[in-house]
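Handing you this structure, nothing more for now.
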Amino acid sequence: MAKEMREPIETGCPDPFQYMHPSMRRNFGMWAYHEHPRPGVLLHVAKNGDKLWTIKAGTQRILDLYTLRTLCDIADNYSDGYIRFTIRSNPEFFVTEESRVEPLIAKLEEAGFIVGGTQNSVTTLSHTQGWLHCDIPGTDASGVVKSMMDELIDEFRQANMPNRVHITTSCCQINCGGQGDIAINVQHTKPPKINHDLVANVCERPSVVARCPVAAIRPAMVNGKPSLEVDEKKCICCGACFPPCPPMQINDAEHTKLAIWVGGNHSNARGKPTFQKLVAAGIPNNPPRWPEATAIVKRILEAYKEGAKDWERINEWIERIGWPRFFEQVELPFTKYHIDNWRGSRKSLNSSTYIRF
Amino acid sequence: MAIDKYPTPMLDQLEEGPWPSFITGIKRLRDQHPDQRINEMTASLLGQLEHSYETRKGYWKGGTVSVYGYGGGIIPRFSEVGNAFPESREFHTLRVQPPAGNHYSTAMLRQLADSWEKHGSGLVTFHGQTGNIMFIGTSTDGTQHFFDEINDYGWDLGGAGPCVRTAMSCVGAARCEMSCTNEQKGHRLLVNNFTDDVHRPALPYKFKFKVSGCPNDCQNAIERADFAVIGTWRDDMKVNQEEIKGYVAKKGRQYIIDNVITRCPTNALSLNDDDTLAVNNRDCVRCMHCLNVMPKALGVGDDKGVTILIGGKRTLKIGDLMGTVVVPFKKLESEEDWESMVELAEEIIDFWAENALEHERCGEMIERIGLVNFLEGIDVEVDPNMVSNPRECSYVRMDGWDDEAVKWFDRQAEAS
């Protein structure tokens with residue numbers, strides 16, 4: 001049984017040039033400008049006149065090998081055998097002759113992929129692992145994304161929003177889905193339910209105490225066993241204790257809800273990057289299709305499309321029209337929960353007479 | 001051979017609708033793949049996922065799995081309902097570092113697919129939120145076999161746990177005229193300098209590098225990276241006045257005024273009477289908006305470099321934080337320039353590893369100790385570009401003022 005183990009070769013991040021389309025290798029750092037000839041297609045022109053068309057498609061993101069090989073077949077037969085993936089998991093294909101653009105699009109669509117996602121479209125929701133693979137998820141990710149993209153597919157294909165829309169999902173309040181123009185995130189509404197029989201064996205108690213953002217957890221003896229107790233008056237139901245201590249179950253079939261946030265924007269264009277703001281909560285976590293969350297997202301998108309000026313992202317549109325009108329237009333209630341009380345939150349209060357009538 | 005299939009009435013509803021369905025894909029592995037191991041594993045996975053949909057709960061638990069010689073890189077998943085769904089009882093994910101910029105040849109994708117077919121479930125994602133290729137679903141033995149195979153032809157694991165994580169960079173110079181740096185070079189120099197810290201988690205918490213080639217920040221680096229590198233330039237932007245006139249002729253004066261001139265955050269633009277553009281480059285903050293609207297007419301300058309921001313992160317534990325400017329501008333031309341950026345990263349990670357609390361991100365440590373203490377710790381001088389505005393509260397002890405003022409003037413004299 002003294003089998004020799006193989007030592008790893010610590011090569012780290014691979015050099016991309018070996019896998020890069022020849023036009024990109026040749027014109028590295030030498031691009032002049034780009035155009036958007038149609039939704040789903042970008043044309044980049046190099047200083048030497050070389051042209052490169054990029055065709056972008058939406059997929060199910062959780063790829064089975066059949067789907068991955070279909071993407072490879074299409075790249076081999078219709079472009080030049082190279083694929084790049086965007087930050088939102090959309091595959092990109094490359095051709096250097098305009099005549100090859102439409103056949104490639106036709107083939108992608110015939111194979112069931114959706115061409116679009118460029119510029120001022122609603123691009124693919126970025127998503128996390130959810131029930132499929134995460135150890136702490138309050139909801140699924142792939143299912144939410146599939147359900148919403150079914151409804152938003154025309155916005156992915158058409159690119160006629162005022163500016164690009166990035167939607168994200170997160171299955172817990174750590175929010176690893178990140179910031180988005182619209183974010184659909186889990187929001188727990190009840191403190192964790194503690195299995196006191198397991199805490200001592202499973203959890204490193206001081207670490208769990210330290211993990212709580214509001215110091216609501218303290219060590220305690222329960223039924224003669226060392227455990228942890230939660231001050232439920234202080235608890236903000238964030239679930240931060242659950243990853244280091246699985247017996248502190250935060251997920252609940254009824255009380256784990258969805259919340260919707262808007263206005264996260266990572267770009268520096270026109271204004272500094274912004275974080276997303278809460279607009280709706282108490283939305284049922286309703287598999288397999290989450291229709292209530294999708295309905296609110298669609299209302300927000302319709303109001304944005306209707307009301308925003310060209311190039312305004314959602315945060316800029318709201319900044320111009322004001323929050324009262326936003327809540328009015330999307331028919332969402334404004335509640336005491338919208339007023340922030342976290343550290344630094346006074347800066348989010350209106351200390352002026354800037355009121356729109 | 002027939003395998004046990006679990007009924008999936010809820011998941012079946014995710015096969016309806018026009019967007020590609022991940023459920024249909026998983027079912028293809030269950031029903032059509034020639035390898036019975038894959039049929040059984042995906043059948044079992046669908047059974048557990050349906051159970052999650054019915055009960056609205058997740059049933060995966062973490063654990064300790066890695067490959068020989070490493071301490072991380074695997075997301076271990078053991079099922080809590082493994083008795084009911086035994087064939088996916090162990091369902092670990094391997095995080096594999098993609099090439100910088102996420103470029104692939106189909107030959108390489110097929111080679112990875114063939115290896116994964118031998119050892120895994122057949123499910124893969126390009127990419128996870130940190131930027132890894134996620135090979136989703138294999139047994140503890142499978143992780144080692146799959147890693148051994150792909151490691152032999154050039155692929156390595158990414159980070160998982162309290163360690164330097166897999167980095168990300170945009171397409172950048174490979175296909176974007178806005179690129180102000182060599183994104184891939186920065187990405188690889190930074191993360192590959194810390195290979196040991198990627199593979200053997202021993203830091204206070206995670207540490208992420210992200211590189212965006214311009215201030216559009218396609219990689220969300222400022223919001224998501226502990227160490228964000230953003231390309232920028234400090235000379236004048238390029239203006240092709242004939243192309244400007246072309247845009248005006250095509251879109252109209254009012255459109256250009258409403259969508260370019262008045263949208264400049266520092267009022268640095270003006271449309272001249274002859275339909276050419278006047279730019280006040282001293283006031284320009286390189287926000288990218290006018291370049292985004294008129295990419296054929298406007299371009300980044302020649303004196304390129306990067307801005308480095310430190311401490312971005314997501315919600316846990318003290319709330320979301322953006323990165324803060326620590327290096328307003330850095331040239332990245334000579335090998336010494338690049339090396340000094342890596343040295344800055346080493347300095348920052350060392351200081352953070354020494355001074356952070358357990359599970360405290362770099363940005364949270366800066367919030368706790370203050371930016372000035374952090375800067376002194378990493379030996380970087382203060383700069384007005386680091387703040388939105390100077391202090392508003394007088395409650396601070398300032399008896400070192402005279403010395404600090406002298407330092408400022410000395411530095412100014414040295415720079416000029």
Side-chain angles (χ1 to χ4, degrees), chain A residues 5-14 16 19-20 24 28-29 31-34 44 59-68 72 75-76 81-85 112 131 133 135 137 142-143 146 149-150 153 174-176 179 213 240 251 253 266-270 273 275 287-288 310-311 342, chain B residues 10 13-14 17-20 22 25 28-29 52-53 56-58 60-62 68-69 97 99-106 109-110 113 122 124 126 129 136 148 151 156 173-175 177 184 188 191-192 195 215-217 220 222-223 259 263 265 287-289 295-296 314-317 319-320:
Chain A
M5 296 298 284
R6 178 186 167 283
E7 289 287 339
I9 309 165
E10 301 201 40
T11 44
C13 172
Y19 308 125
M20 194 184 285
M24 289 197 263
F28 192 86
W31 295 98
Y33 67 93
H34 75 275
H44 285 86
T59 73
Q60 58 269 55
R61 184 172 180 267
I62 304 287
L63 302 178
D64 57 285
L65 289 174
Y66 289 98
T67 304
L68 178 60
C72 290
D76 285 340
Y82 295 89
I83 297 177
R84 200 187 85 84
F85 290 89
W131 287 329
H133 203 259
D135 59 335
S142 327
K146 157 70 180 157
M149 288 313 295
D150 277 342
I153 190 166
I174 294 171
N175 187 22
C176 66
Q179 296 285 320
N251 293 309
H266 57 75
S267 172
N268 289 271
R270 300 171 303 285
F275 285 138
D310 283 5
W311 297 97
W342 198 250
Chain B
M10 293 183 88
Q13 295 178 51
L14 289 172
W19 192 261
F22 69 110
R28 216 178 305 161
L29 292 172
S52 279
Y53 270 61
R56 302 181 184 184
K57 286 263 183 71
W60 299 109
K61 281 293 154 268
Y68 180 73
Q97 292 197 50
N102 299 337
H103 301 270
Y104 297 91
S105 64
T106 52
L109 285 173
R110 289 182 197 280
V124 58
F126 296 88
Q129 290 293 331
I136 307 168
D148 285 345
N151 189 225
D156 199 359
R175 198 207 53 200
E177 72 274 14
Q184 307 169 9
R188 295 185 69 231
V191 77
N192 287 349
T195 309
N216 281 319
D217 193 3
N220 306 2
I222 296 176
E223 285 175 346
N259 288 280
R263 305 296 265 283
C287 88
M288 301 303 290
H289 172 70
K296 215 169 171 177
R314 291 281 58 75
T315 316
L316 184 73
K317 159 183 173 179
D320 297 47

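Each chain gets a letter, A, B and so on, in the order the sequences are listed, and its residues count up from 1.
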ask   = Are any non-hydrogen side-chain atoms of A:P16 and B:R188 less than 4.5 angstrom apart?
value = yes
key: Top contributor to chain B interface from A:I174, A:N175, A:D150, A:D310 [non-hydrogen pairs under 4.5 Å]   = A:D150
inquiry  = Measuring from atom CG of B:D148 to atom CE of A:M5, what distance do you get when rounded to the nearest 0.5 angstrom?
reply    = 7.0 Å
ask   = Where does B:Q184 contact chain A at under 4.5 Å (heavy atoms): side chain, backbone, both or neither?
value = side chain
message = For chain A, which candidate among B:V191, B:T315, B:L14 shows the most heavy-atom pairs at distances under 4.5 Å?
response = B:L14
request  = Look at B:T195, B:I136, B:N216 and state which one has the largest set of heavy-atom pairs under 4.5 Å with chain A.
outcome  = B:N216
inquiry  = Which heavy atom of A:R61 sits nearest to which heavy atom of B:Q129, and what is that distance?
reply    = NH2-N, 4.3 Å
ask   = Using 30° and 60° as the class limits, which term best fits the ring planes of A:F85 and B:F126: parallel, tilted or perpendicular?
value = parallel
task = Can you measure from CE (A:M149) to CH2 (B:W19) and round to the nearest 0.5 angstrom?
result = 3.5 Å
key: Heavy-atom closest contact (A:W31 atom, B:E177 atom, distance)   = O-CB, 3.5 Å
query = Does the side chain of B:R28 reach to within under 4.5 Å of the side chain of A:T67, using non-hydrogen atoms?
reply = yes
query = Using non-hydrogen atoms only, which part of A:H44 is less than 4.5 Å away from chain B: side chain, backbone, both, or neither?
reply = side chain
message = Just verifying a value: how many Å separate B:N102 CG and A:I83 CD1, rounded to the nearest 0.5 Å?
response = 12.0 Å
message = What part of A:L68 gets within 4.5 angstrom of chain B, counting heavy atoms only: side chain, backbone, both, or neither?
response = side chain
query = So how far is it from A:E10 CD to B:N151 CG, rounded to the nearest 0.5 Å?
reply = 8.5 Å
message = Counting only non-hydrogen atoms closer than 4.5 Å, does A:A253 touch chain B with its backbone (N, CA, C, O), its side chain (CB onward), both, or neither?
response = both
key: Heavy-atom pair of closest approach, residues A:P287 and B:M10   = O-CE, 3.4 Å
query = Using a cut-off of under 4.5 Å for heavy-atom pairs, which of B:R175, B:K61, B:K317 has the most such pairs with chain A?
reply = B:R175
remark   = Assert top hit (heavy-atom pairs under 4.5 Å, partner chain A, pool B:G58, B:G62, B:G101, B:P215) equals B:P215
message = Can you tell me which of A:C13, A:G12, A:A269 forms the most heavy-atom pairs within a distance under 4.5 Å of chain B?
response = A:C13
task = Under 4.5 Å, counting heavy-atom pairs only, tell me which of B:A113, B:G69, B:G319 racks up the most with chain A.
result = B:A113
ask   = Can you tell me how far SG of A:C72 sits from CZ of B:R110, rounded to the nearest 0.5 angstrom?
value = 4.5 Å
ask   = Which pair of heavy atoms, one from A:R270 and one from B:C287, lies closest together, and at what distance?
value = N-SG, 3.2 Å
Straight-line distance of B:H289 NE2 to A:N268 CG, nearest 0.5 Å = 13.5 Å
task = Go through the atoms of A:W311 and report whether side chain, backbone, both or neither lie under 4.5 Å from a heavy atom of chain B.
result = both
inquiry  = Can you tell me which of A:T59, A:T11, A:L63 forms the most heavy-atom pairs within a distance under 4.5 Å of chain B?
reply    = A:L63
task = Return the minimal non-hydrogen interatomic distance between A:D64 and B:G25, and the atom names on each side.
result = OD1-CA, 3.1 Å
request  = Would you indicate whether the side-chain heavy atoms of B:R56 and A:N251 approach each other to under 4.5 Å?
outcome  = no
ask   = With chain A, which of B:A174, B:P18, B:S52, B:P265 has the greatest number of heavy-atom pairs at distances under 4.5 Å?
value = B:A174
